[in-house]
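Quick notes on the structure that follows.
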Amino acid sequence: MAKKRKACRECHYVNEPDNQTCNSCGSSSLTEDWAGYVVITHPEQSEVATEMNVSEAGSYALKVR
């Protein structure tokens, strides 16, 4: 079974399972308890990215607990 990826509680960026800090914001507050998934490729043109306050392309969790 594959390891669960971790979402950052601060910026919702989805990180690899072995990461101890977020690749996007550097926070160490990561969790496996998240739901929903969105991939943002062009944040400057995305209404979803604007709503989520995302400025970098990447994979983001919609709900992080």
Side-chain angles (χ1 to χ4, degrees):
M1 184 169 155
K3 291 183 180 179
K4 289 186 177 182
R5 292 185 287 173
K6 297 178 182 176
C8 177
R9 287 187 176 102
E10 303 297 322
C11 69
H12 291 212
Y13 187 81
V14 177
N15 294 273
E16 293 301 317
D18 298 330
N19 286 17
Q20 298 300 315
T21 59
C22 178
N23 287 339
S24 181
C25 71
S27 172
S28 61
S29 183
L30 303 178
T31 182
E32 292 179 351
D33 191 9
W34 57 276
Y37 183 77
V38 63
V39 176
I40 297 175
T41 56
H42 300 288
E44 64 281 350
Q45 300 171 357
S46 170
E47 290 181 32
V48 173
T50 302
E51 194 68 30
M52 292 180 68
N53 296 320
V54 169
S55 59
E56 293 183 34
S59 303
Y60 294 87
L62 295 175
K63 184 174 184 179
V64 178
R65 294 179 206 98

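Quick note: numbers below take in every heavy atom, side chains included, and nothing from hydrogens, waters or symmetry partners. All values reported here derive from a predicted model rather than from experimental measurement.
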Would you indicate whether Glu44, at its atom CD, is surrounded by more than 12 heavy atoms from other residues, nucleotides or ligands within a distance under 6.0 Å?
->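 Enclosed: over 12 neighbouring heavy atoms sit under 6.0 Å from CD of Glu44.
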Within a radius of less than 6.0 Å around CD of Glu47, do more than 12 heavy atoms belonging to other residues, nucleotides or ligands occur?
->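 Open.
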Flag the pair Val14 / Trp34 as yes when at least one side-chain heavy-atom distance between them is below 4.5 Å, and no otherwise.
->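 Yes, at least one pair of side-chain atoms sits under 4.5 Å.
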Residue pair Cys22 / Glu10, side-chain heavy-atom distance below 4.5 Å =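 With C-beta onward as the side chain, the pair stays apart.
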Minimum-distance pair of heavy atoms, taken over all atoms of [X] and [Y]:
{"X": "Pro43", "Y": "Ala49", "value": "O-CB, 3.6 Å"}
{"X": "Arg9", "Y": "His12", "value": "O-CD2, 4.1 Å"}
{"X": "Asn23", "Y": "Asn15", "value": "N-OD1, 2.8 Å"}
{"X": "Val48", "Y": "Val38", "value": "CG1-CG2, 4.3 Å"}

Audit row: Cys8, Val64, side-chain contact (heavy atoms from CB on, under 4.5 Å) steps and yes/no | CA-CA 8 Å; Cys8 177; Val64 178; over 6 Å; no
Rounded to the nearest 0.5 Å, how far does NZ of Lys63 lie from CG of Asp33?
->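 The NZ atom of Lys63 is 9.0 Å from CG of Asp33, to the nearest 0.5 Å.
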If you measure from NZ on Lys3 to CG on Asp18, what distance do you get to the nearest 0.5 Å?
->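 These two atoms lie 4.0 Å from each other.
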Verify same cluster id: Tyr37, Tyr60 (apolar side-chain graph, 4.5 Å) |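 Result: no, two separate clusters.
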Derivation of the side-chain contact (heavy atoms from CB on, under 4.5 Å) call for Met52 and Leu62 | CA-CA 9 Å; Met52 292 180 68; Leu62 295 175; 4.1 Å; yes
